[in-house]
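To start, the structure itself, in structure tokens.
Just so you know, these numbers use all the heavy atoms, side chains as well, and skip hydrogens, waters and symmetry mates. Note that this is a predicted model, so its numbers are computed, not measured. Whatever order the structure lists ligands and atoms in, that order sets their numbers, starting from 1.
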Amino acid sequence: MYTLIDGKQTAADIRREIADKVASMRKRGFAVPHLAAVLVGDDPSSRTYVSNKVKDCEEVGFRSTLVTYGNDVPEDILLAKIEEFNSDSSIDGFIVQLPLPDHIKETKVIEAIDPSKDADGFHPVNLGRMMIGLEGFLPATPYGIMELIKRYRIETRGKNCVVIGRSNIVGRPVSILLSGKGVDATVTVVHSRTANIPDVLREADIIIAALGSPGFVKAEMVKEGAVVIDVGTTRVEAPGTKSGFRLSGDVDFESVAPKCSFITPVPGGVGPMTRVSLLKNTLFAAQNRKQG
Ligand code: GUN
């Protein structure tokens, strides 16, 4: 029998912990943490993500600011807004929701963010700090995954861990964290050019699926007793539901779950943890501000 990793409940527990800290800051006369977000365009997933992030801020007592632009906003207008946020001392941290329209260079936008306000942990300075094990902002999804592993006391030392996907925001950073000192996993990253992914997966004690392909991981690719963390959240059509779609993970849950020791559901696994990581990064930024 497998243990279902309940990201929704874990994230709710963490929000409570954060809310307590915010209440204590407020009582001591400090400004509450302030997170700002920039949303460009009308991608429905991005809109949902950002509105959920704002909702989370309200729940824990943070201040939040949302700035939205149309799909055709010129790059220099977006960069000017980032400059404004960088120099606004009332804002502790901010994010620019990705992906951005094709005419805007994502790396340029990320590099324009002041690393001390980079609540997403995407700036090269913060990724570099993570790489060498220094304290700082961690990318939200990898941070959320590590927190689930910690809170569910999943053994990682010396374990064979296979990460599927090499994105800058999930696959690559989580592979660094898993192989770090104290976590001590042996990590393999597989991607679209890897020969024979199923054979590699069958050797895995821990699988992190972050490729964005619904149901990619099937039972025959998974070893008995494996831990499976599903990062996929692809919208697939679901006629008859209110919204007309449902979220599908990268793992074929029905067939894979019975072989697992631990598995995350989609939705309700990694997703809520990603959101809560952003709050943790913002709190971290605000605490640094408090210390001057
Ligand atoms: N797009 C998908 N995930 C993320 C995230 O964690 N942060 C931002 N800014 N954009 C995303």
Side-chain angles (χ1 to χ4, degrees), residues 7 11 14 35-57 62 64-69 71 73 78-79 81-82 85-86 91-102 104-115 117-127 130 136-148 163 165-174 176-177 208-213 229-235 247-250 264 266-267 269-285:
I14 296 173
L35 175 70
V38 180
L39 172 65
V40 179
D42 48 17
D43 175 68
S45 298
S46 290
R47 270 174 183 264
T48 306
Y49 291 150
V50 171
S51 69
N52 283 334
K53 288 169 185 178
V54 169
K55 205 173 78 197
D56 288 345
C57 284
F62 284 9
S64 67
T65 297
L66 172 61
V67 174
T68 58
Y69 292 109
N71 216 44
V73 64
L78 181 59
L79 292 172
K81 181 52 75 179
I82 290 172
F85 282 176
N86 283 342
I91 292 175
D92 294 300
F94 65 96
I95 64 155
V96 178
Q97 185 65 31
L98 305 178
L100 292 167
D102 289 344
I104 298 176
K105 206 151 186 270
E106 228 156 72
T107 49
K108 201 167 168 185
V109 168
I110 290 168
E111 285 187 276
I113 297 171
D114 178 338
K117 294 192 173 191
D118 172 32
D120 260 330
F122 291 168
H123 191 283
V125 164
N126 288 317
L127 290 172
M130 179 195 75
F137 299 96
L138 296 177
T141 302
Y143 195 3
I145 293 169
M146 298 311 291
E147 194 65 33
L148 283 178
V163 177
R166 54 177 162 182
S167 72
N168 289 337
I169 64 177
V170 185
R172 306 182 95 179
V174 83
I176 300 289
L177 293 172
I208 314 279
L211 72 160
S213 172
I229 311 270
D230 189 352
V231 186
T233 48
T234 308
R235 278 183 177 218
L247 288 183
S248 173
D250 290 342
T264 61
V266 174
V270 174
M273 294 301 292
T274 296
R275 285 162 53 184
V276 94
S277 300
L278 184 63
L279 299 178
K280 288 205 294 185
N281 278 340
T282 307
L283 181 66
F284 175 73

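Exactly one of Val174, Asn281, Leu177 qualifies for a side chain to side chain contact (heavy atoms under 4.5 Å, CB included) with Tyr143. That residue is Asn281.
Checking side-chain atoms of Asp120 against main-chain N and O of Ile169 turns up no donor-acceptor pair under 3.5 Å. A donor-acceptor pair under 3.5 Å is absent between the side-chain atoms of Asp250 and the main chain of Asp230, judged by distance alone.
Remark: the Thr141 side chain and the Thr274 side chain contain an N/O donor-acceptor pair separated by less than 3.5 Å.
Going from atom CZ of Phe85 over to atom CD1 of Ile95 covers 10.5 Å, rounded to the nearest 0.5 Å. One finds the CG atom of Leu35 at 10.0 Å from the CZ atom of Phe94 (value rounded to the nearest 0.5 Å).
Around ligand 1 you find Lys53, Val96, Gln97, Leu98, Asp120, Phe122, Ile169, each with a heavy-atom distance below 4.0 Å.
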